**Q** 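Here it is, the structure in full.
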Amino acid sequence: MGDPSLCTGCHRCEMWCSLTKYGEINPSRSNVYVVRREPAVDVPVVCIQCGLCINVCPTGALKRDKKTMAVVVDKEKCVGCGMCTNVCPIGVLRIDKETKMAAKCDLCGGSPACAAHCPQNAIRYEVANKAAAKRRELWAMAHAVRNR
Amino acid sequence: MWYGFAGKLLRVNLTSGEFKVEELDKNELRKYMGCVGYAAKLLYQEMPAGIDPLAPEAKVVLATGAVTGTSCPSGGSYEVCYKSPLTGTWNQARSGGAFGPKLKYAGFDFVVIEGKAKEPVYIYIHDGKVEIKAAKHLWGLNVEETTDTLIRELDDPEISVATIGQAGENGVLYAALINDRGRAAGRGGIGAVFGSKNLKAVVVNGRGGIKVARPKEFAAAIEKAEQWLKNYPLGSIPTLGTVGLVSLNNSLGILPTKNFQETYFEKADQISGEVLNRKYQIKRRACYGCSFACGRYTSVISGKYATPPMEGPEYETVDMFGPICGVDDLEAIIRANYLCNVYGLDTVSTGMSIGFSMECYEKGLLTEKDTEGMPLRWGDGEVMVKLVEKIAHREGICEFLAQGVKRMAEQLGPAAEEAAIHVKGLELPAHEPRSESKVLALQYAVSPRGGCHMHPNWASTWDFGQLDCGMKEFGMPWPPKEVQDESPQKGIAYRYVALQGEISEILGACIFYSWGTEGSCITPQLYAEIVSSLTGWDVTAEELMLAAERSWNLKRCFNAREGFNREHDKLPKRFTKAIPNGPAKGIKVVNLDVMLDAYYEAMGWDRATGNPTPEKLKELGLEFAIMAS
Ligand code: SF4
Ligand code: SF4
Ligand code: SF4
């Protein structure tokens, strides 16, 4: 769950994600995306685990993990065709340039590195109910006319 | 295979329009660690003495270090190293934002810029590719317009743009280079150097990332740093930004006021961090990779000082356009800051130049005849804002102001000398060298770039803050004697303060995180753990100290070759006179020479000249810097 109101645009979540997944520091190999724009826009964008990508995968490489309910990539099956990237509604699925396979957030098996290290608590791992409420809030705010 | 570093240096010659990529030599790089250390070696060896900083022969090095662009919490910095047109000394201007990290992700640790383009150009560096592109259409545009145009033109919202504004084009001697719209490589006039080369901007982006030699160990070291920083002693800075210092410093009588004539500002509560937060702040903003987020976005929504959302102001800027000019209107201060951001001006030198002229006006050294009929009265925010605008364009009286305090005072004659608050031509920042701390007074006198509280450290953190920053175990005198003591202990201690700060500089780290004690800051020992696991080199804190000492000595050698020596390590006259009012009333600097002697001796430098001895340079493996004389 990413909360733009607290995010300072530091990109530390991206760095921790790539460090955890690939042992390097590389925001372009991260599964969380911080959109930092001028003036004063900082939005951490993470996979909402909606599952839309599961259905379009021709090889059945995407599936839901029973424990975390995250949509995960089966490395044995993924052929890197990129079908999944076409349907992801928020654009957080990518074909990794080195492994040539789909890469997306797998919630780090239930202990997300990004959330643990966000200095502002702008990325949090929440229980389902609270997360749903927060998502509604963010969705609404993102589309509301700014009238402050 | 390189870990931690990209391993490459890019050399761009603007005269020929050619560039060259050079592989770095691991052993040579490790000797200096990187960033300003390696840049000092490059400039010392490649830029002979006496070169006019605004001539085509002058070189500029954009430098990153081992931790730049990594998850080391201080890794958002890069440095621009060059000879300053304002001071004629070595200069390095650090800036945060995203530029340094993105330069490294693009595949380069250093960019050396040489020559002069026939027509305006910008340099575009992306994923190992380099292009020198025409910038005629950008010339005359301000920083915001240039940045926005380039984002549209290159069709990439994630580029980082470091550009000059009109001030740099017009050769204002303290023009800045501004990256990411509001982050300034501020001090010493790098903007004028860019302008003299017909270089409008450097644009970077990359997806290369940085490889880590021992990821698990590195992650553990970074986790330790994150843990330690939870106890950071200046932890209040994120809530109020650095502007929080305004109230604190005023209550202690160390807030420079009316061009350093006083150190206490009656109306300080009207321009405090609290007011800024409540009325003007939009949000907090961090540099790339920073967990601290001292930066902030503010805006004045309406009225004659309205600004769009902008980065700043910082403490320095609030003091410069506030108390230094006697101004108590925060909106005028924010507006002046905005103009500096978009025109590309150093807020410190700009504010001090205006403060200086206000004092000269008060004393009758400047009259309305000189100022096109404009009275330069203390506290007149409207005039101040107008002056900033005119400085950027070098209009009227501001042709004069655009040269900085030292040159102005020389032209006005001996009577103006008392008001000229600079060291080696660099205007002092917003820290009082009499009352804040005596090690700070020493630092101002000896800093290689002139009156500077940041390069390579903020000495008051040792003296005033009683923070050892991990240096006790290296032999730093401990505890510090009282803040106002001027004994040799202060001079000896400054050696440690300087070298500890220089470690951040050679790693490409933001200096903020190195203030504290073990368990509350990133000490040299913790930096050694971070750098070792990152690069795979087994670096110790001692090795970092030694590399820092090389860098610190080389800068001194650079200046020595330009003719600077002990004689130039002095403070403005005003500081030998007592502070007239406020909580710090009566304090002055008495014994700078005692501290200087002890410091030179501790550094292994010649006492008479204040410069490194041949023996010292041999010991450091810097034989090439021994001067033939
Ligand atoms: S780590 Fe947190 S504050 Fe930093 S960019 Fe990510 S979400 Fe924003
Ligand atoms: S990657 Fe995109 S489509 Fe797939 S679960 Fe996440 S948000 Fe949904
Ligand atoms: S939970 Fe893990 S995989 Fe997902 S974005 Fe965060 S760090 Fe990356």
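Chain letters run A, B, ... following the sequence lines, proteins first, then strands; residues in each count from 1. We use all heavy atoms of the structure for the numbers below, so side chains are in, but hydrogens, waters and symmetry mates are not. Everything quoted here is computed from the prediction, not taken from an experiment.
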**Q** If you count heavy-atom pairs under 4.5 Å between each of A:Arg36, A:Glu14, A:Arg29 and chain B, which one has the most?
**A**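 The answer is A:Arg36.
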**Q** Within the structure provided, determine whether A:Thr8 and B:Phe292 are in side-chain contact (heavy-atom separation under 4.5 Å).
**A**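 Sidechains of B:Phe292 and A:Thr8: no contact.
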**Q** Compare all side-chain heavy atoms of B:Arg285 with those of A:Asp42 and state whether any distance is below 4.5 angstrom.
**A**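 A side-chain contact under 4.5 Å exists here.
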**Q** When you check the gap from the basic side-chain N to the acidic O, do A:Glu38 and B:Arg181 get nearer than 4.0 Å?
**A**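 Result for this pair is no, no salt bridge flagged.
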**Q** Measuring from atom OG of A:Ser28 to atom CG of B:Asn205, what distance do you get when rounded to the nearest 0.5 angstrom?
**A**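 With rounding to 0.5 Å, OG (A:Ser28) is 9.0 Å from CG (B:Asn205).
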**Q** Under 3.5 Å, is there a donor-acceptor pair between the side chain of A:Arg12 and the main chain of B:Gly289?
**A**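 Pair found, side chain donor or acceptor close to backbone of B:Gly289.
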**Q** Can you tell which part of B:Phe218 gets under 4.5 Å to a heavy atom of chain A, answering side chain, backbone, both or neither?
**A**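 Only the side chain of B:Phe218 comes within 4.5 Å of chain A.
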**Q** Where is the tightest heavy-atom contact between A:Gln120 and B:Ala293, given as atom of each residue plus distance?
**A**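 A:Gln120 and B:Ala293 have their closest heavy atoms at NE2-CB, 4.1 Å.
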**Q** Between the main-chain N or O of A:Cys7 and the side-chain N or O of B:Lys283, is there a donor-acceptor pair closer than 3.5 Å?
**A**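 Yes; at least one donor-acceptor contact below 3.5 Å.
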**Q** With chain B as the partner, which of A:Ser5, A:Ala116, A:Cys10, A:Ala113 has the greatest number of non-hydrogen pairs under 4.5 Å?
**A**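 Winner by heavy-atom pair count: A:Cys10.
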**Q** Out of B:Met310, B:Glu223, B:Lys230, which one racks up the most heavy-atom pairs below 4.5 Å with chain A?
**A**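 Answer, by heavy-atom pair count under 4.5 Å with chain A: B:Glu223.
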**Q** Checking side chain to side chain contact (heavy atoms under 4.5 Å, CB included) for the pair A:Trp16/B:Ile222: CA distance, chi angles, key distance, verdict?
**A** CA-CA 10 Å; A:Trp16 271 105; B:Ile222 297 301; 3.6 Å; yes
**Q** Please name the pair of heavy atoms, one in B:Gly69 and one in A:Met15, separated by the smallest distance, quoted to 0.1 Å.
**A**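 Distance-wise, the nearest heavy atoms are O-CE, 3.6 Å.
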**Q** Considering only heavy atoms, which portion of A:Cys13 lies under 4.5 Å from any heavy atom of chain B: side chain, backbone, both, or neither?
**A**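 Neither part.
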**Q** Find the one option among B:Arg207, B:Glu311, B:Arg296, B:Arg214 whose heavy-atom pairs under 4.5 Å with chain A are most numerous.
**A**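 Top option by heavy-atom pairs under 4.5 Å: B:Arg207.
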**Q** If you count the non-hydrogen atoms of other residues, nucleotides and ligands that lie under 6.0 Å from NZ in A:Lys97, is the total more than 12?
**A**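 Correct, the count exceeds 12.
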**Q** What part of B:Tyr288 gets closer than 4.5 Å to chain A, counting heavy atoms only: side chain, backbone, both or neither?
**A**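 Its backbone and side chain both get close to chain A.
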**Q** Would you mind checking which part of B:Lys211 comes under 4.5 Å of any heavy atom in chain A, side chain (CB onward), backbone (N, CA, C, O), both or neither?
**A**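 Contact with chain A: backbone and side chain both.
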**Q** Hey, which of B:Lys216, B:Glu158, B:Glu226 has the most heavy atom pairs under 4.5 Å with chain A?
**A**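 Most pairs with chain A among the choices: B:Glu226.
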**Q** What are the two closest heavy atoms between B:Ser71 and A:Ile25, and how far apart are they?
**A**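 Where B:Ser71 meets A:Ile25 most closely, the heavy atoms are N-CD1, 3.8 Å.
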**Q** For residues A:Asn26 and B:Ile210, determine if any side-chain heavy atom of one lies less than 4.5 Å from a side-chain heavy atom of the other.
**A**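 No, every pair of side-chain atoms sits at 4.5 Å or beyond.
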**Q** Please classify the contact of B:Pro308 with chain A as side chain, backbone, both or neither, using a heavy-atom distance under 4.5 Å.
**A**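 For B:Pro308, there is no contact with chain A at all, as no heavy atom is under 4.5 Å.
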